Peer 1: 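Below is one structure. I have some questions about it.
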Amino acid sequence: MNHMQDWNAYREALLGQVGVFAKLSPDVLRGLNTIEGSATKTGKLEPKMHELIALAVAVTTRCDGCISIHAKKAVELGASHEEIAEALGVAVALNAGAALTYTARVFDTIDALAQA
C-alpha cells in the first residue's frame, strides 16, 4: 500500500467489499460481530481504550483495513496523537520481543538438529 494512500477512500471501498461478502456469507459476519461485541460487554475498559488496543493489534498483524477503521474510531472517541503513539509504542516493543523470542526458537531448532 502506498504511504500516500487515501485512507478515507480505502476504508469506504473496503467496507463496500465487506458488504458484498456479508451478502455471500452472512453467518461469518454475524459471528465476527458477535466476537467484536463480546469484547466490550463487560464494560471494564472505556471504548477509546478498546480502539487503542485495536490499533496496536492492527499494527502487529499488519492489517491496513483494521488501521483505517480503528484509527477513525479512536480519533472520534477523542484519542490524542500522544495516546495513539503510546499504544503503538507497545506494539513496536512487542514485535521486537516476539522477534527475540523466535530467535531463541531458531537456536532451539539448531540444537535439535545437532542432536539428531
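Because only heavy atoms are used, hydrogens play no part in the values below, and waters and symmetry mates are left out as well, while side chains stay in. Just so we're clear, the structure is a prediction, and the values are computed from it rather than from any experiment.
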Peer 1: Salt bridge check: are R30 and D27 linked by an N-O gap of less than 4.0 Å?
Peer 2: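 Salt bridge between R30 and D27, a charged N being under 4.0 Å from a carboxylate O: yes.
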Peer 1: Can you tell me how far the CG atom of L94 sits from the CG atom of L100, to the nearest 0.5 Å?
Peer 2: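 Spacing of CG (L94) from CG (L100) equals 11.5 Å.
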Peer 1: Between the side chain of T101 and the main-chain N/O of G97, is any donor-acceptor distance below 3.5 Å?
Peer 2: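 Looks like yes, one N/O pair under 3.5 Å.
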Peer 1: To the nearest 0.5 Å, how far apart are OG in S80 and CD in E86?
Peer 2: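 Answer rounded to 0.5 Å: 9.0 Å.
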Peer 1: For I53 and L45: C-alpha separation, side-chain torsions, deciding distance, then whether side-chain contact (heavy atoms from CB on, under 4.5 Å) applies.
Peer 2: CA-CA 10 Å; I53 292 168; L45 298 175; 3.9 Å; yes
Peer 1: Determine whether a donor-acceptor pair (N or O, by modelled atom type, separation under 3.5 Å) exists between the side chain of R11 and the backbone of S68.
Peer 2: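 Yes; judged by distance alone, with no hydrogens or angles, the pair exists.
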Peer 1: Determine whether K48 and E83 make a side-chain contact, defined as any pair of heavy atoms from C-beta on separated by less than 4.5 Å.
Peer 2: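 K48 reaches E83 side chain to side chain.
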Peer 1: Within the 4.5 Å heavy-atom criterion, are L14 and I69 side-chain neighbours or not?
Peer 2: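 SC-SC contact between L14 and I69 confirmed.
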Peer 1: Measure across A58 and C66 and return the closest heavy-atom pair with its distance rounded to 0.1 Å.
Peer 2: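 Minimum heavy-atom contact is CB-CB, 3.6 Å.
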Peer 1: Membership question, hydrophobic clusters at under 4.5 Å side-chain separation (ILVMFWY): are V57 and M49 in the same one?
Peer 2: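 Yes; V57 is reachable from M49 via cluster members.
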Peer 1: Can I84 be reached from V90 by stepping across I, L, V, M, F, W or Y side chains whose heavy atoms are under 4.5 Å apart?
Peer 2: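 No, separate clusters.
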Peer 1: Can you tell me how far apart CG (L15) and OH (Y10) are? Round to the nearest 0.5 Å.
Peer 2: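 Going from CG on L15 over to OH on Y10, the span is 10.0 Å.
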Peer 1: Answer yes or no: is there a side-chain heavy-atom contact under 4.5 Å between T60 and V92?
Peer 2: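 Result no, sub-4.5 Å side-chain heavy-atom pair not found.
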Peer 1: Say you draw a straight line from NE2 of H70 to CG of L55; how long is it, rounded to the nearest 0.5 Å?
Peer 2: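 If I round to the nearest 0.5 Å, the distance is 7.5 Å.
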Peer 1: So, taking the atom named CG in D64 and the one named CH2 in W7, what distance separates them when rounded to the nearest 0.5 Å?
Peer 2: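 Going from CG on D64 over to CH2 on W7, the span is 4.0 Å.
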Peer 1: Below 4.5 Å, heavy atoms only, C-beta onward: do L88 and L52 meet side chain to side chain?
Peer 2: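 SC-SC contact between L88 and L52 ruled out.
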Peer 1: Return yes if some donor-acceptor pair links the side-chain N/O of S38 with the main-chain N/O of I35 below 3.5 Å, else return no.
Peer 2: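 The answer is yes, because a donor-acceptor pair under 3.5 Å joins these two groups.
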